[in-house]
Amino acid sequence: MDSDGSTSLALHWPLSYLGEAYRCSKNVTAMSFIYMNLLGSPLMYVWRDDPDRLTVSVPPVLLREGVPEDITVTVTDGSDPVGNATVCIWKKNEVFALADTDEQGRAFFPEVCIADGSGDVDLVVTAAKRRLSVNQAETTTVDYIPGRLLISVLPSDVPIVALDGFSVDPDGDGTANPGESVDILLSALNSGGEKGTDVEVEMTLVSGSEYTDSIVNAYSQFPDIDPESTANSTEPLTVVIKKDIPDYSSIQFNLHFTCNGSSGQESWDSPMTVTVYSESYTLTVATPSANNSSGRTAEINLSSMILANSGLGEGNNLEITIDNLVPQEPFQVNELTQMEIASNSAAELNGQLNLLVLPQSSSSSWLKPGFPGCSFDVTVESGGGSFIARNMDVEMINTLQYLNLQPPENLQVYETGEDYISFAWEHSGNAEADAYYVYCDDGVSDYSVYPLPVPVKQITINGLLPGREYTAGITAIDAVGK
């Protein structure tokens, strides 16, 4: 108590607690102390420098009450995958599960089921990782800020209509090219628990207006769609592409779906990206093999591969790997690179793809004899986007890897001209041929006449020079590309 009747209180933060000492009055007869740690709890880890923030993403998934769904969570630092991160999925009073990410930054949660979507409806997904380092003072540092994502849970009794897939220029070359009026046919999926009626879609432009002249038709309809069923649009959407635009120009659209259910009209939005003048890839594999005899893992090897680009755009800086395993399991796989493959040409890939599947259960189809129902995609990533070069049926690989495919036979010439030759052949054997590669050697180089295997037993080679000797060869390709 001061002489004038006032009371003074001194607040003192000791320097050992990273603060300063402040005094409210120099005339203090009673003193109290408050201690504050400006860094929070002493148990917290300290982020130093500029820590990276983890980014959490999941493929488009609609969680519906009472319906189990597999959820694959991908964790990156904004660009590169982050392995050994701890991922947690949580919903109050219902779901709590942890999993660590693999080398691809993926954590898999099978058959996640939410019984009650009322109230707090979101499923919370978080990812955290401590990148530990110890300096001379034995100080632990943490360089990742945790990431977070919310997944909505929908009622079980509504139609949920969204984009299932689309085909560009289905009556042409399958790509959107400069100067074209491009038709886009849609496939819609009803993942809800009730039939969707009066299904309609409206397309709007989100980005890429500098690459488009106009949208000729932005509306289409669908037949009624039962739960867990798909339907195709009754007419295509149509957009006109400008003539002089750069390769790999991306046009982003939004598809607004509406439909009727017992509770009234429902609406859902789906993004759609159309890439102009892109490449298109098809893979053939001379030597595929599959083995799960260990009973713990499945090993699939693809070697002697030919990658063909049948699109109009040139592919540059290609990255070839394996993805989209069915059924989903943790896996490890390497990546091959190819500098470029020009339009309407093919290249032999250096190296092989080695897939190691690490099933979480001994009852997984990947460990069963014959690999029933197992498959995966060989994917190609380039400046033009991501492409599926081939879907590989592992059950078929397992069957055909033990069968020797016989070469074509009885090659006969049936027509010649100044600059062309036409011939036909036959094929027999226990293993059937699905297609044929045709090669031509002009004494300077040995090249494939077409970038893709031909599905028929006859061919014409054009552009030959009179007076030059050529050698033609044919190889047979089976159903898995062997």
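The structure displayed is predicted, hence computed values, not measured ones.
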Assess the side chains of Ser364 and Glu329: does a donor N or O sit below 3.5 Å from an acceptor N or O? yes

Under 3.5 Å, which donor-acceptor pairs link side chains of residues 374-381 to any protein atom two or more places apart or in another chain?
from	atom 1	to	atom 2	distance (Å)
Asp377	OD1	Asn391	ND2	2.8
Asp377	OD2	Asn324	ND2	3.1
Glu381	OE1	Ser386	OG	3.3

*asked:* I'd like to know whether CD of Glu111 has more than 12 heavy-atom contacts from other residues, nucleotides or ligands below 6.0 angstrom.
replied: no

Exercise for review: Could you walk me through whether Val201 and Leu186 pass side chain to side chain contact (heavy atoms under 4.5 Å, CB included), step by step?
Suggested key: CA-CA 9 Å; Val201 65; Leu186 305 179; 3.9 Å; yes

**Asked** Between Asn354 and Gln352, does any side-chain donor sit less than 3.5 Å from a side-chain acceptor?
**Response** yes

### Message
Any non-hydrogen side-chain atom of Ser382 less than 4.5 Å from a side-chain atom of Asn317?
### Response
no

Closest heavy-atom pair, Pro372 versus Ser365, reported as atoms and distance to 0.1 Å, is O-CB, 3.3 Å

- Query: Would a 4.5 Å heavy-atom cut-off, applied to side chains only, mark Leu355 and Val357 as touching?
  - Reply: yes

Item to check | salt bridge (charged side-chain N to carboxylate O under 4.0 Å, His left out) between Asp323 and Arg106, intermediate numbers included | outcome: CA-CA 12 Å; Asp323 203 350; Arg106 294 174 179 170; 2.8 Å; yes

Those residues at least two apart in sequence (or on a different chain) that pass ring-ring contact (aromatic ring centres under 6.0 Å, His included) with Phe387 are Tyr281

Scan the side chains in residues 268-275 for donor-acceptor partners under 3.5 Å anywhere in the protein, sequence neighbours excluded, and list what turns up.
from	atom 1	to	atom 2	distance (Å)
Trp268	NE1	Pro159	O	3.2
Asp269	OD1	His256	ND1	2.6
Ser270	OG	Leu163	N	3.1
Thr273	OG1	Gln252	OE1	2.7

Test item: side-chain donor near acceptor, Asp100 and Asn84, under 3.5 Å:
no

| message | Between Asn177 and Glu180, is there a side-chain donor-acceptor contact under 3.5 Å, judged purely by atom types and distance? | response | yes

(Q) Any heavy-atom pair between the side chains of Ile397 and Met392 that's under 4.5 Å? (A) yes

Side chain to side chain, Asn334 and Leu353, heavy atoms closer than 4.5 Å: yes

- Between Asp226 and Lys195, is there a side-chain N and carboxylate O pair less than 4.0 Å apart? yes

Side-chain contact test, heavy atoms from C-beta onward, threshold under 4.5 Å: evaluate it for Glu200 versus Phe222 and give yes or no.
no

Checking Ile225, Asn190, Val161, Asp164 against Thr230 for side-chain contact (heavy atoms from CB on, under 4.5 Å), the one that qualifies is Asp164

Looking at side-chain heavy atoms only, is the closest gap between Val125 and Val87 below 4.5 Å?
yes

* **Trace of the side-chain hydrogen bond (donor to acceptor under 3.5 Å, both in side chains) decision for Glu266 with Thr258** => CA-CA 6 Å; Glu266 306 287 347; Thr258 59; over 6 Å; no

Should the pair Asp77-Lys129 be classified as a salt bridge under the 4.0 Å nitrogen-to-oxygen rule? no

When rounded to the nearest 0.5 Å, the distance separating CG of Asn292 from CZ of Arg296 is 11.5 Å

